[in-house]
Amino acid sequence: MSDVDYGQYEAGQESGSLDQLHEASGSEADYDSQFGVYEQDHHAAESTDFSQGKHVEYDAPGAVHFESDDYTNYSHDASVDDHVFAAEGSESSHQAEFSELDALKARFDNAFVSGTEFSGSDAALTAA
């Protein structure tokens with residue numbers, strides 16, 4: 001076999017970029033109300049009537065006539081009424097909004113050179 005020279009040479013350049021955009025937004029709103037009514041009232045009334053009397057009647061000459069009456073009148077009335085009023089309440093609200101934005105931009109460059117050389121018959125490879 002004869003001496004063989006074989007050589008290969010390669011060179012190049014690569015470039016690229018990456019653009020990425022992420023956006024999110026949202027909102028929330030809450031409302032709460034709670035009311036209660038309680039009512040109470042008290043009324044009392046009392047009435048008492050008392051009367052006492054006497055009636056006398058008298059007739060004279062001839063046939064004498066005499067008459068006497070005693071009387072007592074008593075009356076009692078009572079009334080009770082209970083009533084209560086109360087009110088309470090609460091009210092609340094909440095509102096929130098958010099938004100976010102993520103942006104990624106990357107640029108990359110790559111340059112390369114490679115070569116191989118083959119010399120002789122003993123199959124030896126070396127890098128250039």
Evaluate the side-chain proximity of Gln52 to Asp70: yes if any heavy-atom separation is below 4.5 Å, no if none is.
->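 Result no, sub-4.5 Å side-chain heavy-atom pair not found.
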Given side chains that start at C-beta, do those of Asp77 and Ser75 come closer than 4.5 Å, heavy atoms only?
->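 Yes; the side chains approach each other to less than 4.5 Å.
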First locate atom [atom1] of [X], then atom [atom2] of [Y], and finally report the distance between them rounded to the nearest 0.5 Å.
X      : Y     : atom1 : atom2 : answer
Tyr71  : Asp69 : OH    : CG    : 9.5 Å
Asp59  : Phe66 : CG    : CZ    : 11.0 Å
Leu104 : His22 : CG    : NE2   : 12.5 Å
Glu67  : His55 : CD    : NE2   : 6.0 Å

In terms of hydrophobic clusters joined by side-chain contacts under 4.5 Å, are Val56 and Val64 together?
->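 Both belong to a single hydrophobic cluster.
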Which donor-acceptor pairs under 3.5 Å do the side chains of residues 23-35 make with protein atoms, sequence neighbours left out?
from  : atom 1 : to    : atom 2 : distance (Å)
Tyr31 : OH     : Glu91 : OE2    : 2.3

